[in-house]
Amino acid sequence: MMDKYNFKELFNRALVKDAFDEEIAIVLSGQYGRALELLQDAEATGLFPTLVGPPGVGKTILCRYFASLRAQQQKNKNFYWLTMDESIKPSHFLGSFDPAITLNKGFVLDAFNPGPLLSAMLEGGTFLANEINRATEYSQNTLLEPLEESSVSIPHLGRIRADKDFFFISAMNPEELSGTHRLSEALKDRIKVWIKLTYPEKSTELDIIRVNLPEHFAIDESELELIYSIIDETRKNKVDIDVPASIRAGIAIAKLLGRKRQIEREKGVSEKESVYVYLSEIASHVLLGSIKPKPGVKAQDIIDRIINKTLGA
Ligand SMILES: Nc1ncnc2c1ncn2[C@@H]1O[C@H](COP(=O)(O)OP(=O)(O)OP(=O)(O)O)[C@@H](O)[C@H]1O
Ligand SMILES: [Mg+2]
């Protein structure tokens, strides 16, 4: 079945070969520039950093960008990452023995498939433990040796020492958000640089939306401002909203509006339809899944109120 669409060829074409293989369109003004400097300071001093912030504030993109800078300097040092939760076991990041090969040959190196953390340790690459505070204490404890001793023990194979360039970054949502375990005290004590990211200031967020908006979806500056005011309103309303709209929501609204404008341009319509009409419809579609209301509050009610306030009835 696979060769119907030539799996191998498509896979190899899509394969990202190195961390520096990728163009990363990142905005480095405001908090992002400072956070990048802190990551570099942590690396230079051999301290392990963590990025703390709510969903969608740019933790992952900042780590990817930082890893790509390291890769450009040192070549061939890859970026590995794993998003943790309760189901993640140490074997997911360290690696495991292939059952079929082990049956024939026993617990030998040939039978071992390395996991992302082990690969980063061997290569001297960057490993990002995303949502590290969602991992069970058991999994968190497996990270102590790599962090403290720069080494790790693989059952049956022995203990390996990490390459001197190995670097470990973690990221997490603030503990007050639901669905997260606590970071174990032992692990907490080994993470020494705490970098907080939050919703960016207005000019930075507008820049982020701009770089994420394809050219053919261009929108007016005044339209961009309106989109920001909707997003910002969800962040101001702490009474009804538990988790407000992230940067992703603003990007999504801008793309949908941009597409409408593109169609208008292609059709050559003389008068664009009112941004207020479009936006209230689009924003409602995007926000429905982008905000988490407080218990007992209906998402649609808050959305209607926000749209009313920012765009008028
Ligand atoms: N500084 C930035 N420059 C360019 N794009 C950004 C920046 N920060 C965030 N973004 C964009 O915002 C979106 C969310 O960013 P990202 O995935 O890095 O967030 P996150 O904090 O890792 O979210 P989560 O907690 O859900 O994993 C992405 O589309 C990303 O491209
Ligand atoms: Mg992320």
Side-chain angles (χ1 to χ4, degrees), residues 16 18-44 49-73 79 81 83 126 128 130-131 167 169-174 177 193-236 243-259 261-262 275 279 282-283 286-287 290-291 310:
V16 177
D18 297 294
F20 54 91
D21 207 24
E22 261 181 311
E23 276 281 314
I24 300 171
I26 188 169
V27 173
L28 286 175
S29 56
Q31 61 175 350
Y32 299 103
R34 287 194 298 277
L36 181 64
E37 268 174 34
L38 275 167
L39 284 177
Q40 287 165 333
D41 291 344
E43 183 193 15
T50 192
L51 296 166
V52 188
V57 288
K59 300 182 295 293
T60 303
I61 192 175
L62 190 68
C63 288
R64 273 178 45 216
Y65 183 73
F66 171 74
S68 78
L69 291 183
R70 296 188 76 213
Q72 276 166 26
Q73 291 156 2
F79 176 46
W81 61 305
T83 297
T126 310
L128 167 64
N130 224 356
E131 313 274 15
F167 194 55
I169 311 176
S170 53
M172 64 185 96
N173 292 326
L177 294 180
V193 184
W194 296 74
I195 305 172
K196 254 180 105 168
L197 287 181
T198 175
Y199 303 111
E201 56 196 53
K202 181 175 173 183
S203 62
T204 303
E205 185 148 357
L206 291 184
D207 278 343
I208 292 176
I209 298 177
R210 286 187 196 105
V211 304
N212 281 284
L213 200 60
E215 227 167 273
H216 53 276
F217 289 158
I219 58 175
D220 291 343
E221 281 302 297
S222 59
E223 296 174 326
L224 199 57
E225 294 266 342
L226 276 177
I227 293 173
Y228 179 79
S229 66
I230 297 171
I231 298 300
D232 191 42
E233 201 55 43
T234 70
R235 296 173 190 164
K236 285 183 189 150
V243 183
S246 76
I247 298 176
R248 290 191 188 102
I251 296 172
I253 295 173
K255 281 183 175 165
L256 289 170
L257 181 63
R259 156 135 174 97
R261 292 302 186 221
Q262 179 199 30
V275 62
L279 260 191
I282 295 166
V286 172
L287 289 183
S290 304
I291 59 172
T310 48

Q: Tell me the closest heavy-atom pair linking D207 and S29, and the distance in Å.
A: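 Looking at all heavy atoms of both residues, the shortest contact is OD2-OG, 4.3 Å.
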Q: Assess the residue pair R64 and F79 against the criterion (side chain to side chain contact (heavy atoms under 4.5 Å, CB included)); give the C-alpha distance rounded to whole Å, side-chain angles, the decisive distance to 0.1 Å, and a yes or no.
A: CA-CA 7 Å; R64 273 178 45 216; F79 176 46; 3.0 Å; yes
Q: How far apart are the closest heavy atoms of A254 and I227, and which atoms are they?
A: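 Taking every non-hydrogen atom into account, CA-CD1, 3.6 Å.
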Q: Please give me the minimum heavy-atom distance between L39 and P49, naming the atom from each residue.
A: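 Taking L39 first and P49 second, the nearest heavy atoms are CD2-CG, 3.7 Å.
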Q: Could you check V52 against I195 for side chain to side chain contact (heavy atoms under 4.5 Å, CB included), going step by step and ending with a plain yes or no?
A: CA-CA 6 Å; V52 188; I195 305 172; over 6 Å; no
Q: Give the C-alpha distance, both sets of side-chain angles, the deciding distance and a yes or no for side chain to side chain contact (heavy atoms under 4.5 Å, CB included) between L28 and Y65.
A: CA-CA 10 Å; L28 286 175; Y65 183 73; 3.7 Å; yes
Q: If you look at every heavy atom in G53 and N173, which pair is closest and at what distance?
A: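 For G53 and N173, the tightest heavy-atom pair comes out as O-OD1, 2.9 Å.
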Q: Side-chain contact, heavy-atom cut-off 4.5 Å: I247 with P200?
A: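 Result yes, sub-4.5 Å side-chain heavy-atom pair found.
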Q: Report the distance from atom CD of E223 to atom CG of L226, rounding to the nearest 0.5 Å.
A: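 Between E223 CD and L226 CG, I get 8.0 Å after rounding to 0.5 Å.
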Q: Would you say K59's side chain and P54's backbone share a donor-acceptor pair under 3.5 angstrom?
A: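 Yes; judged by distance alone, with no hydrogens or angles, the pair exists.
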Q: Can you find a heavy atom in the side chain of T126 that is under 4.5 Å from one in the side chain of W81?
A: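 T126 vs W81: side chains apart.
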Q: Indicate yes or no: at least one non-hydrogen side-chain atom of L69 is less than 4.5 angstrom from one of L36.
A: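 In contact.
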Q: Could you check whether R210 pairs with E221 (Lys NZ or Arg NE/NH1/NH2 to Asp/Glu carboxylate O, under 4.0 Å)?
A: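 Here R210 pairs with E221 in a salt bridge, since their nearest N and O are under 4.0 Å apart.
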Q: Taking C-beta and beyond as the side chain, do V27 and T204 meet within less than 4.5 Å on heavy atoms?
A: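 Answer yes - side chains close enough.
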Q: Can you see which heavy atom on G58 is nearest to which on Y32, and at what distance?
A: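 It is CA-CE2, 4.4 Å.
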Q: Taking the side chain as every heavy atom from C-beta outward, state whether E43 and F66 have any pair of such atoms under 4.5 Å apart.
A: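 In contact.
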Q: Sub-3.5 Å donor-acceptor pair from the side chain of T234 to the main-chain atoms of A245, do we have one?
A: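 Flag set: sc T234 to bb A245 pair under 3.5 Å.
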Q: Closer than 3.5 angstrom, by distance alone: can the side chain of N212 be matched with the main-chain N or O of I208 as a donor-acceptor pair?
A: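 Answer holds: yes.
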Q: Taking the side chain as every heavy atom from C-beta outward, state whether R235 and V243 have any atom pair closer than 4.5 Å.
A: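 Not in contact.
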Q: Could you measure the distance from the CG atom of L287 to the CD atom of E233? Nearest 0.5 Å is fine.
A: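 With rounding to 0.5 Å, CG (L287) is 11.0 Å from CD (E233).
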Q: If you define the side chain from C-beta out and look only at heavy atoms, does anything of K202 sit under 4.5 Å from E225?
A: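 K202 vs E225: side chains touch.
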Q: Any idea which heavy atoms bring A25 and V211 closest together, and the distance?
A: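 In terms of heavy atoms, the two residues are closest at O-CG2, 4.0 Å.
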Q: Side chain to side chain contact (heavy atoms under 4.5 Å, CB included) between V57 and S246: does it pass, once the steps are laid out?
A: CA-CA 7 Å; V57 288; S246 76; over 6 Å; no
Q: Quick check: does any side chain N or O of T50 sit under 3.5 Å from a backbone N or O of S170, one acting as donor and the other as acceptor?
A: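 Side chain of T50 to backbone of S170, a donor-acceptor pair under 3.5 Å: yes, one is there.
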Q: Can you tell me which residue among I253, L257, I219 is in a side chain to side chain contact (heavy atoms under 4.5 Å, CB included) with L224?
A: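 So the option named by the test is I219.
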Q: Atom CZ of R261 and atom CG of D220: how far apart are they, to the nearest 0.5 Å?
A: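 The CZ atom of R261 sits 7.0 Å away from the CG atom of D220.
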Q: Using a 4.5 Å cut-off on heavy atoms from C-beta on, say whether the side chain of L62 contacts that of I26.
A: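 A side-chain contact under 4.5 Å exists here.
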Q: Indicate yes or no for a side-chain donor-acceptor contact from E205 to the backbone of Y199 under 3.5 Å, with no hydrogens or angles considered.
A: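 Such a contact is absent between E205 side chain and Y199 backbone.
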